[in-house]
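Remember, predicted model here, so these are calculated numbers, not experimental data. Remember, it's 1-based here, ligands and their atoms both numbered in the order they're listed.
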Amino acid sequence: MQFMSTRGKDGPVSFETALLNGLARDGGLYLPVSWPKFSLDDIRAMQSKSYAELAGLIMSRFTEGDIDQAEMTELARQTYAGFTHPDVAPLKPVSDNLHVLELFYGPTIAFKDYAMQFLSRAFDRALTRQNRTAVILGATSGDTGSAALEAFKGRASVDVFILFPDGRVSPVQQKQMTSVSADGAHAVAVSGDFDDCQDMVKACFNDAAFRDEMNLSAVNSINWARLMPQIVYYFSSALKVGAPDQPVAFSVPTGNFGNVFAGWVAAQMGLPVERFIVASNRNDILTRFFATGTMERQAVDPSLSPSMDIQVSSNFERLLFELLDRDGARVADLMQQFAQTGSFAVAEDVLRDALSIFSGFCLDDEGTKEEIKTTYEETGMIIDPHSAVGLAAARKARKSGLVSQDTPVISLACAHPAKFPDAVRSACGVHPALPDHLSDLMDRDEVMLKADNDMAAVQALLRAERR
Ligand SMILES: *Cc1c(COP(=O)(O)O)cnc(C)c1O
């Protein structure tokens with residue numbers, strides 16, 4: 001399979017090139033040149049497969065010529081061997097025809113592990129084959145950083161540096177990053193806020209000489225190889241409630257539009273999906289887009305679900321490319337307009353196409369707490385604030401008739417409640433305990449580097465600390 005850019009000026013390239021480049025050279029995002037398809041019979045036959053076998057089957061369709069199905073299945077087996085639930089991504093009933101897909105059984109108890117643990121293995125494989133090393137540099141407001149440090153620690157081909165705003169991530173999130181002690185994995189506390197960290201990462205990538213000197217790579221959710229493992233749990237969960245003979249709906253708590261786009265890809269590959277519910281917190285740029293056809297950036301407003309406090313949903317560019325019949329020049333125009341003016345609009349028929357499969361809902365902090373409380377009282381299940389946004393949106397979609405009564409709705413639970421203990425306790429009165437493998441987390445030793453909010457200081461630190 002070959003990959004092309006959403007802005008039309010890079011590609012076709014191989015899977016390995018798309019993986020290591022991350023962002024396309026024309027500033028766009030990579031997508032496969034065509035969508036692999038499964039027939040209904042193919043999907044029925046998936047029923048008997050283990051999670052790793054299913055992952056091997058689905059993901060290898062994107063890596064033909066690079067990684068074959070047998071090797072991909074072995075990679076997936078290694079990727080998910082350390083997950084703490086035998087189902088890897090278990091589905092739990094909430095009420096009639098409403099289910100929660102729990103995606104927090106990886107090492108850092110957020111769904112980002114499902115992709116990042118695969119990505120680190122794919123990187124290591126590609127770099128070893130090419131006899132190269134790389135430096136991964138990223139910024140985090142919480143979950144991505146710990147998932148990346150945990151996944152890439154100790155891999156001989158990669159050094160990883162994650163910048164986080166000093167004093168502005170939650171205590172659990174900070175410990176998860178700073179207690180990773182392994183050669184080549186570095187949490188860097190920066191005297192600034194998240195935007196400062198992000199700006200310095202961008203500046204390092206835009207400094208071509210530095211980028212080449214370090215062989216810098218990015219692992220944020222614009223990397224195609226991070227979407228690929230996320231397609232798998234859309235299939236595995238739908239199969240459990242009757243797919244492909246019964247269509248399903250998904251409710252997905254959204255920030256960068258990465259996870260929900262992976263669901264859309266599953267539908268392109270043949271999984272019968274009635275509707276995707278795109279659930280946002282008070283940062284409702286996507287809800288407003290689905291209501292009006294205009295994407296308009298506003299200031300980020302901190303909420304109880306910080307991993308969704310995003311105003312620019314980078315992965316939306318991939319859907320836009322599809323909605324505009326893969327017209328890369330048009331996408332490049334709109335994205336340039338968005339960068340310059342903070343907004344762009346699509347035509348009525350384009351919006352109508354989008355609404356035939358997507359619906360946007362948003363929920364404020366009060367509603368989020370209410371959902372955590374109600375779910376706890378009705379089912380005894382403790383959910384985190386991000387999962388609550390998804391679940392409340394699922395209920396609203398059913399009530400408003402956007403999803404038919406007999407269609408199973410699968411709502412994604414993207415983090416363990418113990419990652420956000422304060423919000424959970426204030427909503428339902430229960431302090432969620434960390435799972436066993438993290439029970440001593442808060443007592444672990446912390447190791448971190450410190451950097452001033454200054455690009456030269458960060459560059460000097462990388463030069464000094466890389467292996
Ligand atoms: C990253 C994250 C999200 C948002 O996922 P996107 O792929 O960016 O839409 C939602 N919830 C949690 C807990 C996350 O860590």
Side-chain angles (χ1 to χ4, degrees), residues 29 89 100-117 119 138-148 150-151 162 164 169-170 172-173 176-177 194 198 219-231 233-234 250-266 276-287 289 300 303-319 358 360-363 368 371-372 383-393 411-421 423-424 432:
L29 278 62
V100 167
L101 173 58
E102 292 185 341
L103 299 173
F104 46 72
Y105 293 98
T108 72
I109 60 176
F111 85 99
K112 295 195 168 66
D113 291 326
Y114 289 72
M116 205 66 91
Q117 287 287 328
L119 194 69
T140 188
S141 56
D143 294 337
T144 304
S146 52
E150 191 64 42
I162 299 292
F164 70 93
V169 297
S170 82
V172 173
Q173 288 175 323
Q176 282 189 306
M177 289 191 277
F194 172 67
Q198 182 96 303
V219 296
N220 48 12
S221 72
I222 48 137
N223 195 312
W224 165 260
R226 265 192 65 185
L227 289 186
M228 227 164 57
Q230 298 179 25
I231 302 165
Y233 49 68
Y234 286 90
F250 290 97
S251 181
V252 190
T254 304
N256 255 321
F257 205 75
N259 206 3
V260 67
F261 186 77
W264 183 87
V265 173
F276 290 102
I277 300 150
V278 182
S280 302
N281 63 26
R282 67 164 75 131
N283 295 287
D284 61 350
I285 183 167
L286 288 166
T287 322
F289 172 81
V300 171
S303 79
L304 289 179
S305 41
S307 302
M308 292 156 51
D309 290 346
I310 284 174
Q311 281 286 342
V312 179
S313 299
S314 340
N315 267 291
F316 190 82
E317 180 168 340
R318 289 192 161 106
L319 180 68
F358 291 103
F361 285 93
C362 62
L363 195 71
T368 304
E371 180 63 43
I372 294 173
I383 56 173
D384 100 286
H386 304 76
S387 311
V389 170
L391 202 52
S411 190
L412 276 57
C414 295
H416 191 285
K419 265 198 131 154
F420 305 95
V424 171

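- By the 3.5 Å distance cut-off applied to N or O atoms, K112 is counted among the residues near ligand 1.
- Counting heavy atoms from C-beta on, the side chains of F261 and T254 never come closer than 4.5 Å.
- Residue contacts with ligand 1: F111 is included, with a non-hydrogen atom under 4.0 Å away.
- At least one N/O-N/O distance between G255 and ligand 1 falls below 3.5 Å.
- Counting all heavy atoms, side chain and backbone alike, I162 lies closest to M177 at CG2-SD, 4.2 Å.
- The shortest N or O to N or O distance between F257 and ligand 1 is under 3.5 Å.
- The shortest side-chain heavy-atom distance between S280 and V389 does not fall under the 4.5 Å cut-off.
- In plain terms, the two heavy atoms of A413 and S387 that are nearest each other are CA-OG, 3.2 Å.
- At a heavy-atom cutoff of 4.0 Å, ligand 1 is contacted by the side chain of M308 but not by its backbone.
- N259 N, 3.0 Å is the protein heavy atom nearest to atom 7 (O) of ligand 1.
- Listed by number with element, the atoms of ligand 1 under 4.0 Å from a non-hydrogen atom of G258 are 6 (P), 7 (O), 9 (O).
- Counting the atoms of ligand 1 from 1 in the order shown, those under 4.0 Å from a heavy atom of C414 are 11 (N), 12 (C), 13 (C).
- Between F250 and F276, the two ring planes are parallel [angle under 30°; tilted spans 30° to 60°].
- Among all protein heavy atoms, the one lying closest to atom 8 (O) of ligand 1 is N256 N, 2.7 Å.
- Looking only at side-chain heavy atoms (C-beta outward), L391 and V100 come within less than 4.5 Å of each other.
- Those atoms of ligand 1 with a heavy atom of T254 less than 4.0 angstrom away are 9 (O).
- Note: F316 and F257 have perpendicular aromatic rings, judged against thresholds of 30 and 60 degrees for the angle between ring planes.
- Where the criterion is an N or O separation shorter than 3.5 Å, residue side chain and backbone included, H386 fails it with respect to ligand 1.
- You'll find the side chain of N315 reaches within 4.5 Å of the side chain of L29, heavy atoms only.
- Of all the heavy atoms in K419 and A110, the pair that sits closest is NZ-CB, 3.9 Å.
- Every N/O-N/O distance between D384 and ligand 1 stays at or above 3.5 Å.
- When A415, S313, A115, S307 are ranked by how near their heavy atoms come to atom 12 (C) of ligand 1, first place goes to S307.
- The N/O atoms of D143, backbone and side chain alike, include one that comes under 3.5 Å of an N/O atom in ligand 1.
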